[in-house]
Amino acid sequence: MGCFALSFSFLTSCGSPAKKSVTIGADALAGSCVGGPTTGAISRWDENPRTSSGNASLAFTSTLSASDAKPGVLTGLAGNCLLQNQMFSLTKDSYYPSSIAAPSGGALLYAPSTPQFRQLNSFYAASELRDLMGTIGENLSSLSRISIDAHCKVANNAYFSPSQNALCLGYADVGSYRRIWAADDADVIVHEAGHAVNHALSSTSVLNSSGEAGAIDESIADYWALTVHNNSVLSEWFLGYLGGIRDASLNYPYPGSMQYEVHDDGEVLTQTLWRLRASLGRAHSDAIVAKTLVMLPTPARFSDFYLTFYAAAKLHYGVTASSDPNLTLIRQEFTARGIHRTDAPTAIAPDGTRPTYVIDDHSISALSGGNCNGVLDVGETALVLVNLRNPIAGHQGMGVAYLSSIPAGITVPSGGGVGEFFRFLPSQSFANSLPTGSTRGDATSSAAFLVRATTAGMKTFSANYVPMFADPLSTAPAYGTYQFNFTLNVASGTNQSSCSNSALWP
Ligand SMILES: [Ca+2]
Ligand SMILES: [Ca+2]
Ligand SMILES: [Zn+2]
């Protein structure tokens, strides 16, 4: 069963989606003037206070200096004396509702200590992404105007909410009664605006369609921030304080680096794209990334992203021959990162020692009736993880198992017959390939089937395992699907309405 994010945050993983109480009202329909200025000179950071000052160790508790800020010009304003353009709107502010920057003809040169500076800084940075989309000719007409809250009431995070069509830029308290703001960090702003662009070019349903789709969304949001600023390091200021700066100049391996956490897992893809940006050239890689999102199928996994990127590159360059130097570069980079792969796990089967885990507790809402004894009982809706063992001496990337034969006395709720195995370590079972830490349960529930028992007795299931296939030079090989069987002895224990048992989880 899958994992569905509610919003697209800077730090929070799919397993614990941000459920914030922030409410951002609808955009103002009318401005406060007609024929107002459509441009405005502002003061803003060159990315963030650290990069803008040239002091990479500028203290987070320091008083930010106006002399470290740079001039900028807002263009394409709506001319209604509000901070609005075709794509973004900043007319409300959660912490500073009565201090809203508005272009009325005068200068907009605020000091970094003021809320207006951060409002203008975030509006400017978001508009840089608008300008990039214009440069590569992307049509974002499906995107309604996005609200920016530059001082959102969320600590240690920032996010894009598709349902509210809003960017929430939060804060971090850094000690000494000082607070830093995501609105001072252009990487965060473009990343969150990038989610809005991603969901417009693709769709929210595509970008929710698999565990790896969430990582694709994070990766491309990072890519937009990095390419706009021509800098491989994401968020020197906000993540610099919180920890977890992401650096696209590093070289992570797929799938060994995957942790089933969307931001971490997106990094190997961002690193691939960052290297391609250098070799293909920025204008080409930006355009191909955008077209890949437009063409991305559902469900979308890394294999789909790669094959779609390759197809988009063919269209972009107007070439088909695999010997084309740009197509060759693309294959080389995806191969070097491990994403180009054709896994062939002949005779994959459940582990001989521990073939299945029955998780019959109530720790997630899809489960019901479970009595937490690790045995499937009549009346229980439980997770069943088939603990497949990787028979090959190398890694396997994302493989998917589909229930193909369901015995009498078992029903499968919608979506319960699909299990995404996000990776396998060499010659290891899936349980032994799971990450340590907070995403272990998410990875387990994503790989598990969801079944309900209605009668007791021995039940034999069949399923097909489809290994990862990502090679644009060939069609899916005939050996690409493997059948395996597993059995469960359904008992008749008493159902319960709430219990949990962490020992049931691998
Ligand atoms: Ca940066
Ligand atoms: Ca049970
Ligand atoms: Zn994000």
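Start at 1 with the first residue, then count along the sequence. Note that ligands are numbered from 1 as they come in the structure, with each ligand's atoms numbered from 1 the same way.
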>> Checking one value in my table: which N/O/S atom of H195 lies closest to the Zn ion (ligand 3)?
In response: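 The atom in question is NE2.
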> If you look at E218, which of its N/O/S atoms is nearest to the Zn ion (ligand 3)?
Replying inline: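 This residue's closest N, O or S atom turns out to be OE1.
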>> For W237 and F60: C-alpha separation, side-chain torsions, deciding distance, then whether ring-ring contact (aromatic ring centres under 6.0 Å, His included) applies.
In response: CA-CA 8 Å; W237 184 246; F60 296 110; 5.0 Å; yes
> Can you name the N/O/S atom of E47 that is nearest the Ca ion (ligand 1)?
Replying inline: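 Considering only N, O and S atoms, E47 comes nearest to the Ca ion (ligand 1) through OE1.
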> In D187, what N, O or S atom is nearest to the Ca ion (ligand 1), if we give its atom name?
Replying inline: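 Result: OD2.
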> Would one find an N, O or S atom of H191, in either backbone or side chain, under 2.8 Å from the Zn ion (ligand 3)?
Replying inline: yes
> Would you say the side chains of S219 and D222 form a donor-acceptor pair under 3.5 Å?
Replying inline: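 The answer is no; no qualifying pair exists.
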> Does the side chain of H263 pick up a donor-acceptor pair with the side chain of R246 at under 3.5 Å?
Replying inline: no
> Under 3.0 Å from the Ca ion (ligand 2), how many protein N/O/S atoms can be counted?
Replying inline: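 If we list every protein N, O or S atom nearer than 3.0 Å to the Ca ion (ligand 2), we get 7.
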> Any chance CD of Q496 has more than 12 other-residue heavy atoms, nucleotides or ligands included, within less than 6.0 Å?
Replying inline: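 For Q496, atom CD is crowded (more than 12 foreign heavy atoms under 6.0 Å).
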> With a cut-off of 3.0 Å, does L226 place any N/O/S atom under that distance from the Ca ion (ligand 1)?
Replying inline: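 Given the 3.0 Å cut-off, L226 does not count as a ligand of the Ca ion (ligand 1).
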>> I need the single residue from V412, T411, L367 that forms a side-chain contact (heavy atoms from CB on, under 4.5 Å) with R452. Which is it?
In response: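 Only match with R452 under side-chain contact (heavy atoms from CB on, under 4.5 Å): T411.
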> Between D217, L296, L201, D304, which is the residue that forms a side-chain contact (heavy atoms from CB on, under 4.5 Å) with V206?
Replying inline: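 Testing V206 for a side-chain contact (heavy atoms from CB on, under 4.5 Å) against D217, L296, L201, D304 leaves exactly one candidate, L296.
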Give the table of side-chain donor-acceptor pairs shorter than 3.5 Å for residues 498-506, with sequence neighbours excluded, one pair per line with atom names and distance.
from, atom 1, to, atom 2, distance (Å)
N501, OD1, A503, N, 3.0
N501, ND2, C372, O, 3.2
W505, NE1, D361, OD2, 3.2

>> I'd like to check the ring pair (Phe, Tyr, Trp, His ring centres under 6.0 Å) partners of Y254; sequence neighbours left out, ordered by chain and number.
In response: F302
> At the Ca ion (ligand 1), what's the angle from E236 OE1 to N231 OD1, rounded to 10 degrees?
Replying inline: 120°
>> E333: which residues meet the side chain to side chain contact (heavy atoms under 4.5 Å, CB included) condition with it, sequence neighbours left out?
In response: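 Counting only residues at least two positions away or on another chain, E333 forms a side chain to side chain contact (heavy atoms under 4.5 Å, CB included) with T272, R275, L276.
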